[in-house]
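Let me give you the structure first, and then I'll get to my questions.
Chain A is the first sequence line, chain B the second, and so forth, proteins listed ahead of strands; every chain is numbered from 1. On a predicted model such as this, the values are computed, not experimentally measured, just so you know.
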There are 2 protein chains.
Amino acid sequence: MYTETAMLGLDVPLRASERAYRQLRGEILNGLLAPGAALLEVEQAERIGVSRTPLREAVARLIADGLVVGRRGRGFEVTDISVDSIFELYELRQALEVQAIRLAATRREPTVFIELRKAFVSAPELLDQGDAGVHRYYLMIDELEDAVDAAVENPFLVGALRAVRTHLARIRRLARRNPLRLRAAAAEHLLIIDAIIAGDPSLAAHATHIHLHQSLVSVLAAIDEDSAAVVE
Amino acid sequence: MYTETAMLGLDVPLRASERAYRQLRGEILNGLLAPGAALLEVEQAERIGVSRTPLREAVARLIADGLVVGRRGRGFEVTDISVDSIFELYELRQALEVQAIRLAATRREPTVFIELRKAFVSAPELLDQGDAGVHRYYLMIDELEDAVDAAVENPFLVGALRAVRTHLARIRRLARRNPLRLRAAAAEHLLIIDAIIAGDPSLAAHATHIHLHQSLVSVLAAIDEDSAAVVE
DNA sequence: ATTGCGGTTTCTGTATACACAATCGCAATC
DNA sequence: GATTGCGATTGTGTATACAGAAACCGCAAT
């Protein structure tokens, strides 16, 4: 026990508990299991095709992730997403990302970020290419995050950032994709990268703060529109 | 499943998994299970007097807490504490506590902190009373933390702070108690409380930053002395 | 229509058995 | 002495049985 299955690439069959964890996590993140959804241990074990023991292990991990919460009496439920919880998450996100960017701007290997900069300079063209371009753009964001994580050299901080990103993934799903916002965000990322390359922690921190603020405004606006659309 | 046993005060027997969790956690935090200690599932289940199933649940939670890590092959081990890990934890702690203090200074109910201030004004006399006084002082620190958590009104942030405090408890155990430092820390806390009462987020943040820096310096100095004492 | 109670059903926490994986100890070989 | 291979032992992941807890449902009383 207690090792997660080795990363992709090894010909090792997934343990049942890992399979259950990944399935449930994926379904929560992609919205199939909606916020607030109530789930029972026996029914989920049967649906996924594992026995209760590995299902319980998967659920325990999802509880630790904050994606589900135990209910009194029976079962567990997918955690809710409210406007309040989005604000709260962004408050935590800001504290962590500003610290991470400061450290990355201090400790970085510039070459990594210089390569990333080249890609981000082309982001507007990429975003004009439709879905495939947008998908590639999101991969670039992931690469930037990975580079910052590596530059930070702090497992505690990176762990906390990853926990935040898990929740963000769900929130992003709720927010409608806004082309103008994506273009603006690309420019904000470029500025952050430039600050990191320049080794200027203060500029990097402030640029990140502004980026997060604009991101939050955009998310909330999108959710507001959706709510209005649902009005009966 | 998956509710932790109700808080103290209810006449409900502890579940085996909860009992195992508390015992292992307590032993890790008090140093009985030392950093790096390798443990086996079967032996710990027998030692604690539960079957493997609740022991596994307890260990999974300790893994989520960052207090133990799974080993390849067999068993699990208590996470190590290194000088690097202390630095890293303080980097995360600073990001979180500075954000929390800013929010507390903005959202607080002054009366709570005015009461706390009265207690902290007397801290020097308390610290002169030997072990009982020091113990009471640490309780006051806990009360201040609780008050800040409540003022922050952000479960994500409070959860992250609590995770950091778990690790800090171990580090504090390693550091020798230093009476001069305790007195200085009491003054630093008083300044932080005053900034919260005044509703000045910037002063509160800076005072917190300085307090954490001095705390880190003190911890590292204590560990350095201990290392020197251990030299053979 | 609402409430309370008892019986039934379903669910959870735990123990334990089983199959497979990992480790250890010992003997043989170089 | 160091290395390798093999069998025995120990440990882990999982399935399942059992006991107790919790929820649900039906019926009677108000």
Q) So, A:Arg56 versus B:Thr53: side-chain donor-acceptor pair below 3.5 Å or not? A)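 Note: A:Arg56 and B:Thr53 side chains miss the donor-acceptor criterion.
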(Q) Tell me whether the side-chain N/O atoms of A:Arg56 come closer than 4.0 Å to OP1 or OP2 in C:dG13. (A)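 Yes, A:Arg56 has a side-chain N/O under 4.0 Å of OP1/OP2 on C:dG13.
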Q. Tell me: CZ of A:Arg61 to P of D:dG13, nearest whole Å?
A.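 A:Arg61 atom CZ is separated from D:dG13 atom P by 12 Å.
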Q) Less than 4.0 Å between a side-chain N and a carboxylate O, is that true for B:Glu143 and B:Arg136? A)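 Salt bridge between B:Arg136 and B:Glu143, a charged N being under 4.0 Å from a carboxylate O: yes.
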Q) For the pair made of CG in B:Leu55 and P in C:dG13, what is the distance, rounded to whole Å? A)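 Atom CG in B:Leu55 sits about 16 Å away from atom P in C:dG13.
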Q.
How many whole angstroms separate atom CD of A:Gln44 from atom P of C:dC11?
A.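 The distance from CD of A:Gln44 to P of C:dC11 comes to 12 Å, rounded to the nearest Å.
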Q) Roughly how many Å is it from CD in A:Glu41 to P in D:dA23, rounded to a whole number? A)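 From A:Glu41 CD to D:dA23 P: 15 Å.
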**Q.** Whole-Å gap separating P (C:dT14) and CG (B:Leu14)
**A.**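 It is 10 Å, rounded to the nearest whole Å.
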**Q.** For atom OH of B:Tyr21 and atom P of C:dT14, their distance in whole Å
**A.**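 From B:Tyr21 OH to C:dT14 P: 15 Å.
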Q: Figure out the CZ/C1' separation between B:Arg74 and D:dT12, and round it to whole Å.
A: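 To the nearest whole Å, that distance equals 9 Å.
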Q) So does A:Arg15 get a side-chain nitrogen or oxygen closer than 4.0 Å to the phosphate oxygens (OP1/OP2) of D:dG13? A)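 Answer is yes, contact under 4.0 Å.
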(Q) Tell me whether the side-chain N or O atoms of B:Arg52 pair up with the base of D:dG11 as donor and acceptor below 3.5 Å, since no angle test is needed here. (A)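 Not at all, since no donor on one side and acceptor on the other fall under 3.5 Å apart.
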Q) Between C:dT16 and B:Thr53, is there an OP1 or OP2 to side-chain N/O distance shorter than 4.0 Å? A)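 No, because none of the side-chain N or O atoms of B:Thr53 sits under 4.0 Å from OP1 or OP2 of C:dT16.
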Q) Is the shortest distance from a Lys or Arg side-chain nitrogen in B:Glu18 or B:Arg25 to a carboxylate oxygen in the other one below 4.0 Å? A)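 Looking at B:Glu18 and B:Arg25, the cut-off is not met.
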Q. Between D:dT14, C:dT12, D:dT10, which one does the side chain of A:Ala16 approach most closely?
A.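 Between D:dT14, C:dT12, D:dT10, the one nearest the side chain of A:Ala16 would be D:dT14.
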Q) Between A:His135 and A:Gly130, is there a donor-acceptor pair closer than 3.5 Å when you use the side chain of the first and the backbone of the second? A)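 Side chain of A:His135 to backbone of A:Gly130, a donor-acceptor pair under 3.5 Å: no, none is there.
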Q. Just how far, in rounded Å, is P of D:dA21 from CZ of A:Arg71?
A.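 The answer, rounded to whole Å, is 21 Å.
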